[in-house]
Amino acid sequence: MNDKLGNWKRTQLCGELTAEQVGQEVCLMGWVQRRRDHGGLIFIDLRDREGIVQLALDPDRDPQAHTKAEQVRNEYVLAARGKVSPRPEGTVNPKMKTGAVEIEVSELLILNPSETPPFMLDEFSEVAENIRLKYRYLDLRRPTLQKNMLLRHLVAKTVRNYLDEQGFIEIETPVLTKSTPEGARDYLVPSRVNSGNFYALPQSPQLFKQLLMVAGFDRYFQIVKCFRDEDLRADRQPEFTQIDCELSFVSRDDVMAVMEGMIAAVFKAAIDVEVSLPLARLSYAEALDRFGVDNPDLRFGLELVAITDLVAGSQFKVFADVAAADGLVTALNAKGCATLSRKELDDLTEFVKIYGAKGLAWAKVKEDGWQSPIAKFFTAEELAALNDRLDTEVGDLLLFMADTPAVASEALGRLRGHLGQKLGLAKKDEYMFVWITDFPLLEWDGDEQRHVAVHHPFTSPREEDIPLLDTEPGKARAQAYDLVLNGSEVGGGSIRIHDQAVQSRMFELLGIDAEEAREKFGFLLDALSFGAPPHGGIAFGLDRLMMILTGSDSIRDVIAFPKTQKATCLLSEAPNEVGEKQLQELSIRLRKATK
RNA sequence: GGGGGUGUAGCUCAGUUGGUUAGAGCGCUAGCCUGUCACGCUAGAAGUCGCGAGUUCGAGUCUCGUCACUCCCGCCA
């Protein structure tokens, strides 16, 4: 039989005890981290959310409590009454926050025993993730995840306080909502009372927050779950949390300024880092030119340099042909990396192939010139021009990529990021923010033979680019902005279209005809016709922010109950099959899996 | 949909060229131990080598298939 709690009241948390409480009678409750039985004396490390404190059980002082302590095992739930006392000379443990004191236990209750846990609940044991996920409630008891969840709470609280001070109000939006075209695959929920019809879980509260602006709430926010039925990554879960914001009567710069303040407040509160404002900005075009990607890691240089013009007339056919076909030849100079082995260079070549590149040319800069398979194709003048533009010195490694502009940029840009990690250029405790602005509004989708929205269909073009919608829509720039932190996109938003005519034109460009636009988005078009204020907003990925704030490599380490890569929950075993009765109520018949 | 990695005791891993009864550390159990703190000492229990076929006199090891976890490409307005 377990001991009963009775009228015992906890007086404080284990981790809160210090020398200041010496002499006090306390009552603690928590889990057994570890028991050390010396035959006579027994020590028990008692753990709760705030930390660990040592219980000392002396058979001479209190035989009853000591006898009880002999039964205690790891993860038992205990209550202990006793006196806080200073540890004897020479037994203070400086590694513990509470190491100056211990509890001389006079009464001990075993509130609940525990099976032997499947893994040690300490910070030392590295445990396979599938086992951690199956016993997530135990994994969450460990210090790392406890810290991550407490920090996540602090961040959410800081966000709420800041936004409240800035005049934002939190309003909930529906989770059972309408499936809309464009964007990610929707999670669908069948409707019982409207058989054959489905709700969709929101990919974001986009349309509702715009409607809240039409409704006159002026500034809205919500910390809200969003759902996208797409494949997972180390930083992507099918359900994730956004800090979702929308503001009325604002320009792009207004939104960015308010949000920078929030980011600074969060970094100060969470990890005591002063973020200097305003944050850096880069246009999309410049980001691509200099870094090859629209989410550059600015903790290091290693910039890409276009050399198409220098090699267009060269004897090296690969480069000359690409130049002639309006392609891009681009290069980066890895300073001091001429020491890389042939194997390492081969690995880099394999790396860029992942992104569709056909190959990677390299040159090691030596005292007597380039050591490179391609050096012989260039004249002395061409080599001199390349050395000049790439700012080469002896000991450098030059890497060249030639392809279509899209492939060459991305492949070399990813290689830049890869090298930054590999060479240790990206420091974990450095935080380099950059806003990426002036994204293109539309992008041509070759498969579907139509334009698709780069951001989403409600993003406003820049005012001066509105005429381009009728002439060269591909050239129109969006009033959109992403916030990139250390190479990770942590937020993105835009000024929205508040003019019904422009919105209709946008749908047209996306190949959504008037009838379909009415059917899918009629409520938005109607709303825009009833006095919609100019408005815009942004959403931050809370999970990704938490990854960076906690230094986690996996998004699963900042989510209490995450899903596996196949989007299952190893703890609850969702998703699962449901009974015929449930299916019948939903008018659903399953198709046999065809193999 | 595609490419890579991993899977051996409760946990973390080793296991050679295919060859005797599959090992270690931690954990667990029992005993001893009055100042430890990832306590110590002694002894013990503990295995569907992910699963299924195949090759072989013989498979943890080789082949094929399959499942799970993971990283990446595609996908993610």
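None of the values given here were measured: they were computed from a predicted structure. Chain naming here is simple, since letters A, B, ... match the order of the sequence lines and numbering starts at 1 in each.
- Using a 4.0 Å cut-off, no side-chain N or O of A:K566 falls inside it from OP1 or OP2 of B:C67.
- Heavy-atom nearest nucleotides on RNA chain B were determined for A:Q203 and for A:R556, and the one closer to the 5' end corresponds to A:R556.
- The nearest whole Å value for the distance from the CG atom in A:D445 to the P atom in B:G74 is 14 Å.
- Not a single donor-acceptor pair under 3.5 Å links the side chain of A:Y481 to the backbone N or O of A:G492.
- Comparing B:G60 with B:C41, their C1' atoms are spaced 35 Å from each other, to the whole Å.
- The shortest distance between the side-chain N/O atoms of A:R233 and the OP1/OP2 oxygens of B:U70 is not below 4.0 Å.
- The stretch residues 68-82 of chain A comes close to RNA chain B through A:R73, A:N74, each having a heavy atom under 4.0 Å from the strand.
- Using a 4.0 Å cut-off between charged side-chain N and carboxylate O, A:D139 and A:R136 make a salt bridge.
- For the side chain to side chain contact (heavy atoms under 4.5 Å, CB included) with A:I497, the lone residue among A:Q479, A:Q503, A:R505 that qualifies is A:Q503.
- Classification of A:E515 and A:R518 as a salt-bridged pair fails, no side-chain N sitting under 4.0 Å from a carboxylate O.
- Checked against B:C69, B:C72, B:U34, the side chain of A:A234 finds its nearest nucleotide in B:C72.
- In summary, A:K358 and A:D403 engage in a salt bridge, as defined by a charged side-chain N under 4.0 Å from a carboxylate O.
- The aromatic rings of A:W444 and A:H451 lie perpendicular to each other, with more than 60° between the two planes, well past the 30° mark.
- Contacts with RNA chain B (heavy atom under 4.0 Å) in residues 38-45 of chain A: A:H38, A:G39, A:G40, A:L41, A:F43, A:D45, listed by number.
- On the P atoms, B:C64 is 13 Å away from B:G5, given to the nearest whole Å.
- Using a 4.0 Å cut-off between charged side-chain N and carboxylate O, A:D557 and A:R132 make a salt bridge.
- The gap from the P atom of B:A45 to that of B:G10 amounts to 15 Å, rounded to the nearest Å.
- Residue A:Q33 contributes atom CD, which lies 10 Å from atom P of B:A38 at whole-angstrom precision.
- Here B:G2 presents its P atom at 20 Å from CD of A:E350, a figure rounded to the nearest Å.
- The side chain of A:Q565 lies closest to B:U70 when the candidates are B:C37, B:U70, B:U36.
- For B:A24, the paired base is B:U12 (Watson-Crick or G-U wobble, both distances below 3.5 Å).
- With sequence neighbours excluded, no residue forms a salt bridge (charged side-chain N to carboxylate O under 4.0 Å, His left out) with A:D62.
- Under the Watson-Crick or G-U wobble criterion, with both distances below 3.5 Å, B:C69 is paired with B:G5.
- One atom, CD1 of A:I52, and another, P of B:U36, lie 18 Å apart when rounded to the nearest Å.
- With hydrogens and angles left out, the side chain of A:R87 and the base of B:C37 share a donor-acceptor pair within 3.5 Å.
- Nucleotide B:U70 holds its C1' atom 15 Å from the CD1 atom of A:I555, rounded to whole Å.
- Surrounding CZ of A:R49 are at most 12 heavy atoms belonging to other residues, nucleotides or ligands under 6.0 Å away.
- In a base pair of the Watson-Crick type (N1 to N3 plus N6-O4 or O6-N4) or a G-U wobble (N1-O2 and O6-N3), with each distance short of 3.5 Å, B:A43 is matched with B:U29.
- Classification of A:K97 and A:E16 as a salt-bridged pair fails, no side-chain N sitting under 4.0 Å from a carboxylate O.
- Taking the six-membered ring where the residue is Trp, A:F351 and A:Y355 present tilted rings, their angle falling between 30° and 60°.
- At whole-Å resolution of the value, CD in A:E115 and C1' in B:U29 are 14 Å apart.
- Under the Watson-Crick or G-U wobble criterion, with both distances below 3.5 Å, B:C75 is left unpaired in every strand shown.
- Contacts of A:Y355 with the nucleic acid, taken as non-hydrogen atoms under 4.0 Å apart, involve only primed sugar atoms and P, OP1 or OP2.
- When the P atom of B:C76 is taken as reference, atom NZ of A:K563 falls 21 Å away, rounded to whole Å.
- Remark: A:P118, A:M120, A:F124, A:E126, A:V127, A:A128, A:E129, A:N130 in residues 118-130 of chain A come within less than 4.0 Å of RNA chain B through at least one heavy atom.
- Nucleotides B:C49 and B:A59, compared at atom C1', are 11 Å apart to the nearest Å.
- A:D45 has no carboxylate O lying under 4.0 Å from a charged side-chain N of A:R47, or vice versa, which leaves the two without a salt bridge.
- Under the Watson-Crick or G-U wobble criterion, with both distances below 3.5 Å, B:C62 is paired with B:G54.
- Taking atom P on both B:C75 and B:U61, the two are 39 Å apart, rounded to the nearest angstrom.
- Counting only heavy atoms from C-beta on, A:T116 has its side chain closest to B:C28 among B:U70, B:C28, B:C76.
- A salt bridge is defined here as a Lys NZ or Arg NE, NH1 or NH2 lying under 4.0 Å from an Asp or Glu carboxylate O, and A:K520 with A:E182 fails to meet this definition.
- Nearest-nucleotide positions on RNA chain B for A:T568 and A:E89 put A:E89 closer to the 5' end.
- If you take atom P in B:A22 and the same atom in B:A46, they sit 13 Å apart, rounded to whole Å.
- Look at A:E230 and A:R236 and you find no salt bridge, because none of the NZ, NE, NH1 or NH2 atoms lies under 4.0 Å from a carboxylate O.
- Within a 6.0 Å radius of CD in A:Q64, no more than 12 heavy atoms belonging to other residues, nucleotides or ligands are found.
- Across all strands shown, A:S204 has heavy atoms under 4.0 Å from base atoms, whether or not it also approaches the sugar-phosphate.
- In terms of polar N and O atoms assigned as donor or acceptor, the side chain of A:R236 comes within less than 3.5 Å of the base of B:C76 in a complementary pairing.
- Comparing B:C72 with B:A53, their P atoms are spaced 35 Å from each other, to the whole Å.
- If you take atom C1' in B:C32 and the same atom in B:A14, they sit 32 Å apart, rounded to whole Å.
- Rounded to a whole Å, the CD1 atom of A:I131 is 12 Å from the C1' atom of B:A9.
- Within residues 480-506 of chain A, no residue has any heavy atom closer than 4.0 Å to RNA chain B.
- Applying the salt bridge (charged side-chain N to carboxylate O under 4.0 Å, His left out) definition to pairs two or more places apart or across chains, none involves residues 481-491 of chain A.
- Annotation for A:K178: atom NZ counts as buried by contact number, over 12 foreign heavy atoms lying within 6.0 Å.
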